[in-house]
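The structure appears below as structure tokens.
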Amino acid sequence: MALKIIFVFVAYFVGAINMATIIGKLKGKNIKKLGSGNPGTMNVMRSIGKGWGALTFAFDCAKGVAFALLGKYAIGSDDWMFILGAVAVIGHVFPVYTKFKGGKGVATSLGMFMVATPITGPCVFVALIIYLLVCKIGFIGSYLAVTALTVVNCVKYRSSVVAIVFSLIVWALIIYRHKDNVIRFIHGKENTLSIVGKNEVKEIDENASAENTQAQEVSDCSDKEQEDKQ
């Protein structure tokens, strides 16, 4: 049991290492101030370069693969394959190194699911690439891929409550982390991703954002005062 607890801590702290942030610093950029502001694969591809984005994906995916394999073969349990894989995803999403503000966990979860379903996982990944080539709205592709793999794993490991619960935790976490993408999409402001073409990325203007927020607050207060007078 002591070894399992150590593995859980290692999975979290290694999972919390964010390659997008590291690459941004190497390139002299703050990835959280570019594009969508998310320190993940798609934003690195848009903001820094496709090669760097591929490296980010490979590293993040490898975290999910490594800890799922560790659970499956070092501990010898399918349940621990899901537990350690999910902990790595949680570490990626809520990293202690950056005040618990991390990526969205898609690549790391794909790594975990590829170990759990070694045939379906890679097939879904290929389908995701094809989708991105055609549609270019990244978060929808991520939703579809992770949802499909969650369903497949819940069916394949239906006799294991642990596998089902941790698969659903990962799925719910990814859905939650993409809530801003949904809002931007509804307002027609969601960033697109071109795998083969050029991506146009604007730097996030924090001052402008702060001014807009302040202006909105003033407007809301004015509306409230008018309602009170009426």
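Residue indices begin at 1 and follow the sequence shown.
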So, the side chain of Asp78 versus the backbone of Tyr157: is there a donor-acceptor pair under 3.5 Å, distance only? no
Check Gly15 against Lys63 and note the closest heavy-atom contact, atom names and distance. O-NZ, 2.7 Å
For Val8 and Trp80, what are the C-alpha separation, side-chain angles and deciding distance, and is it a side-chain contact (heavy atoms from CB on, under 4.5 Å)? CA-CA 10 Å; Val8 168; Trp80 278 90; 3.6 Å; yes
Quick one: are the ring centres of Phe125 and Phe57 less than 6.0 Å apart? yes
Write down the atom of Trp171, the atom of Thr150, and the distance for their closest heavy-atom approach. CB-OG1, 3.5 Å
Nearest 0.5 angstrom please: Leu84 CG to Lys72 NZ, how far? 13.0 Å
Would you mind reporting whether Phe113 and Val124 have side-chain heavy atoms less than 4.5 Å apart? no
Pairwise distance OG(Ser109) to CE(Met114) - rounded to 0.5 angstrom: 9.5 Å
All heavy atoms of Ala20 vs all of Gly40, minimum pair found to be CB-N, 3.7 Å
I'd like to know if the side chain of Tyr12 reaches the main chain of Val96, judged simply by a donor and an acceptor atom lying under 3.5 Å from each other, with no hydrogens or angles considered. yes
Roughly how far, to the nearest 0.5 Å, is CG of Leu70 from CD1 of Ile83? 12.0 Å
Is the NZ or CZ atom of Lys179 positioned over Tyr176's six-membered ring, under 6.0 angstrom from the centre and within 45° of the axis? yes
Given 3.5 Å as the limit, does a donor-acceptor pair link the side chain of His92 with the main chain of Ala88, or not? no
If you compare all heavy atoms of Ala116 against all heavy atoms of Phe82, which two are closest, and at what distance to 0.1 Å? CB-CZ, 3.7 Å
Is there a donor-acceptor pair closer than 3.5 Å between any side-chain N or O of Tyr143 and the backbone N or O of Ile174? no
Look up atom CD1 in Ile164 and atom CG in Asp79, then write down how far apart they are to the nearest 0.5 Å. 10.0 Å
Ile119, CD1 atom: more than 12 neighbouring heavy atoms under 6.0 Å: no
Examine distances only and state if a side-chain atom of Arg177 and a backbone atom of Val106 form a donor-acceptor pair shorter than 3.5 Å. no
When rounded to the nearest 0.5 angstrom, what is the spacing between CG in Asn43 and NZ in Lys32? 11.5 Å
Using a 3.5 Å distance criterion without hydrogens, assess whether the side chain of Tyr131 forms a donor-acceptor pair with backbone atoms of Ile137. yes
Value rounded to 0.5 Å, distance of CZ in Phe139 from CG in Asp180: 11.0 Å
